[in-house]
Structure formats: structure tokens, C-alpha cells
Amino acid sequence: MAGIIQRHNFDHNHAVFEIKQNTSPDHLVCQETNQIIEFKNEEIEKLLLDIATKHDFQLTGHSLILFGYCRNSTQ
């Protein structure tokens with residue numbers, strides 16, 4: 001594999017493919033509408049690096065998927 005595509009399984013029914021970037025965005029996934037919102041947050045990035053450093057771990061990437069309900073859901 002060339003490693004240029006990244007697969008995300010946001011639920012058991014389908015997968016989403018994205019072009020790999022140096023820093024991949026994290027995702028919010030609405031459990032009702034299936035809307036996917038990408039976001040990047042420098043504070044989260046720093047926290048992950050701090051955690052990796054604390055455990056003497058060389059971080060090469062991460063995937064963060066948060067599940068909940070968007071403003072368009074009836075929840």
C-alpha cells in the first residue's frame with residue numbers, strides 16, 4: 001500500500017476514506033444524522049504529545065472520534 005489514503009470506520013455500516021495528511025483532523029460524529037464534522041485543536045495535539053513523552057513513546061499519529069448528537073438531531 002502507498003499509504004496515501006486513511007480509512008475511518010465511524011459506525012458498523014460504512015467506512016469513509018480521506019487523503020492522508022501530515023496531521024489528520026479529528027472527528028465529531030452525530031449518531032442520529034450521521035453528520036461528520038472535522039476539527040483540529042492545538043490543545044489536544046499538545047496534550048497527546050505530552051502523554052506520549054511521559055510514557056517515553058514516539059507518537060506517529062492518532063485518531064480521535066467523538067460520538068454524540070449534532071444541532072440538527074432531535075435529541
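Position 1 is the first residue of the sequence, and the numbers go up from there. Note that the structure is predicted; figures quoted are calculated from it, not measured.
Partners of Ile37 by side-chain contact (heavy atoms from CB on, under 4.5 Å), not counting sequence neighbours, listed by chain and number: Leu28, Gln35. Partners of Gln75 according to the side-chain contact (heavy atoms from CB on, under 4.5 Å) rule, which considers only residues two or more places apart in sequence or in another chain, are Glu32, Tyr69, Ser73. With sequence neighbours excluded, the residues that form a side-chain contact (heavy atoms from CB on, under 4.5 Å) with Leu47 are Ile51. Taking the side-chain contact (heavy atoms from CB on, under 4.5 Å) definition, one finds that Leu64 meets it with Asp26, Phe39, Ile44, His62, Leu66, sequence neighbours left out.
Residue Val29 comes nearest to Ile65 through the heavy atom pair CG2-CG2, 3.7 Å, listed as atom of the first residue, atom of the second, then distance.
For residues 46-59, the set of pairs meeting the salt bridge (Lys or Arg N to Asp or Glu O under 4.0 Å) definition, not counting sequence neighbours, comprises Lys46-Asp50.
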